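Below you'll find the structure, written out as structure tokens, and then a few comments.
Everything numeric here is computed off the predicted structure, so don't read it as measured data. Per chain, numbering begins at 1; letters A, B, ... match sequence-line order.
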There are 2 protein chains.
Amino acid sequence: MLKRNPSLTDQAKSTIKSRIVNDEYVNGRIPSEAILADELQVSRTTIRDALSRLENEGAIYRKQGAGTFVNQPGLQIKTRLEEIWSYEDVIAAHGYTPSTQILAVRREMARKETAVSLQIDPTDDIIRIEKLFLADDQPVILAHNHFAAELLPDSYDDDNFHAPIYEIFEENGRQQLTYYLSEIVPAIASPQLAQILHIQSNTPLLSFNEIGYNANNNPILKSISYFRDDLLRLRLIRRKSN
Amino acid sequence: MLKRNPSLTDQAKSTIKSRIVNDEYVNGRIPSEAILADELQVSRTTIRDALSRLENEGAIYRKQGAGTFVNQPGLQIKTRLEEIWSYEDVIAAHGYTPSTQILAVRREMARKETAVSLQIDPTDDIIRIEKLFLADDQPVILAHNHFAAELLPDSYDDDNFHAPIYEIFEENGRQQLTYYLSEIVPAIASPQLAQILHIQSNTPLLSFNEIGYNANNNPILKSISYFRDDLLRLRLIRRKSN
DNA sequence: TAGTGGTCTAGACCACAAA
DNA sequence: TTGTGGTCTAGACCACTAG
């Protein structure tokens, strides 16, 4: 029934996921692994991989001896912080149409702290981009991105930077952003920030300090950003780690 | 070499983890899966499970065709939000000694909103606990916990509540807390909060709104808490979801 | 007791990286 | 080309839940 590539696991996962979303399982009970394996003509291992990933995403839960079930509360959360990728995705997941404004692009010497974070020579140039994200034309996130100048071609203009950062890296720098290590910090809107985000001064904000890593686990991006909390709500699932 | 229970995967994982921590792998290169399987006398599948979990924790990374490597930046992060369990653990992971103060314990009728969150009847009683967490005797987290009164025995006194909430549930309510669904909200210290946490009014704070679920996926705990950001830094890893 | 998910095995083949 | 991790299989046995 299924073909290779995308992997059988991926296909099994999305098949099951769509059945869940379409409410095809009465009482939220998902067929046993053996039945699913038989039905989709794959091994039980493949089904188990698919179910494990759905469980991680919060879409289902399993009880040994009892069965596998749809997890309604988990299904409703569409913006899980651990899985969110670009800010465009965050905005879209909340049901808004994302757009961007480039407020500034600078080529400059790295500050010492930035050079350390990015493991580059302090005399090397970096690119600093100040980018505003809008949800249905309301400003919601202000991001400052820093990365080594050598990751970009010599000539560029501001319009290049409307695309998500990870796309820019993939196209120009032959680098793939694979994960972020993020620090969550509470902040208060300064008068300047308040003006940019169209909010009142001293409004509480969330700030993210993040380092983005490539496939070789080298830091390639430093990002500091500020979120308007009234439009975007950040959620995550916290589990026992074992 | 390894015995059953804890599972072979768990044992393989902790064996490999401790070797990583002890810096036994030169140049951060971890032996191939085949070699590890042979050495620990388990199947390659078991080794792969163990490595997958270490990869999820950020301790290692894998490159198809190249090998498996220690992830130094990931190793240094000891307080990953997605994996953190009780607030005691958060505090301990930051290197402090955790302790608690019970500020208030009340038995009262559920507010409508709380009843909805916990899926209980609005006329049912809930227990509300106000608990202060201290790191080396400095107040750092204020938590308000709400749960159905029936989860507790009829008689109790305040001292019962010094233990982590999940322990209380396991012992008295025969309920196991399996995961939290958490919402992160920026806040500002009110005069009252400032006094409790020994900080200045209007200091930015992180607030968590959380619902805790049991093994049957029913909500059993509602928690609202406030973090001092100067002593505790919350981190997480954000990945592409596929 | 029957049926479910949890763990584990041995082995096959594929995709990719590095020499 | 060699060796690595990635995917997948078929089958065994265990631990647990529920009727």
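Considering only side-chain N and O atoms, B:Arg48 lies under 4.0 angstrom from the phosphate OP1 or OP2 of D:dG6. For B:Thr9 and C:dT7, the shortest distance from a side-chain N or O to OP1 or OP2 is not below 4.0 Å. At least one side-chain nitrogen or oxygen of A:Thr46 sits closer than 4.0 Å to the OP1 or OP2 atom of D:dT9. At least one side-chain nitrogen or oxygen of A:Arg62 sits closer than 4.0 Å to the OP1 or OP2 atom of C:dG6.
As judged by a 4.0 angstrom heavy-atom cut-off over every strand, A:Ser32 is placed among residues touching the sugar-phosphate backbone only.
As a whole-Å value, the separation of A:Arg44 CZ from D:dC13 P is 14 Å. Atom pair B:Leu8:CG and C:dG6:C1' shows a separation of 12 Å (rounding to whole Å applied). Rounded to an integer number of Å, the gap from CD of B:Gln41 to P of C:dT7 is 21 Å. We find that CD1 of B:Ile60 is positioned 14 Å from C1' of D:dG6, with the value rounded to whole Å. In this structure, the CG atom of A:Asp38 is 14 Å from the C1' atom of D:dT9, given to the nearest Å. In this structure, CG of A:Leu51 is placed 14 Å from P of C:dT7, rounded to the nearest angstrom. Atoms CG (B:Asn27) and C1' (C:dA18) sit 16 Å apart, rounded to a whole Å. Protein atom CG of A:Leu36 is 14 Å distant from nucleotide atom P of D:dT9, rounded to whole Å.
Comparing B:Lys63 and A:Ile47 by the nucleotide of DNA chain D that holds the closest heavy atom to each, the one mapping nearer the 5' end is B:Lys63. Across the interface with DNA chain D, nearest-nucleotide mapping of B:Ile35 and A:Gly65 shows B:Ile35 to be the residue nearer the 5′ end.
No donor-acceptor contact under 3.5 angstrom links the side chains of A:Thr114 and A:His146, judged on distance only.
Evaluation of the side chain to side chain donor-acceptor pair (under 3.5 Å) rule for A:Tyr179 yields A:Asn217, B:Asn71 as partners, not counting sequence neighbours.
Using a 4.5 Å heavy-atom cutoff, the side chains of B:Phe161 and B:Val105 are in contact. Looking only at side-chain heavy atoms (C-beta outward), B:Glu33 and B:Leu51 come within less than 4.5 Å of each other.
Side-chain proximity of A:Ala66 to D:dG6, C:dA10, D:dA18: nearest is D:dA18. Among the nucleotides D:dT7, C:dA10, C:dT7, the one closest to the side chain of B:Ser7 is C:dT7. Closest approach to the B:Glu33 side chain among D:dG5, D:dC13, D:dT9 is made by D:dG5 (side chain taken as heavy atoms from C-beta onward). The side chain of A:Gln64 sits closest to D:dC16 out of D:dT9, D:dT7, D:dC16.
The pair A:Arg62-A:Glu55 counts as a salt bridge, with a side-chain nitrogen and a carboxylate oxygen less than 4.0 angstrom apart. A salt bridge is absent between B:Glu83 and A:Arg239; no separation between the charged side-chain nitrogens and carboxylate oxygens falls under 4.0 Å. A salt bridge does not link B:Glu183 to B:Lys222: none of the charged nitrogens lies less than 4.0 Å from a carboxylate oxygen.
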(Q) Show me the dot-bracket string of DNA chain D, counting Watson-Crick or G-U pairs under 3.5 Å, with | for pairs to another strand and [ ] for crossing ones. (A) ||||||||||||||||||.
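Counting only distance, with no hydrogens or angles, the side chain of B:Ser52 and the backbone of B:Arg48 share a donor-acceptor pair below 3.5 Å.
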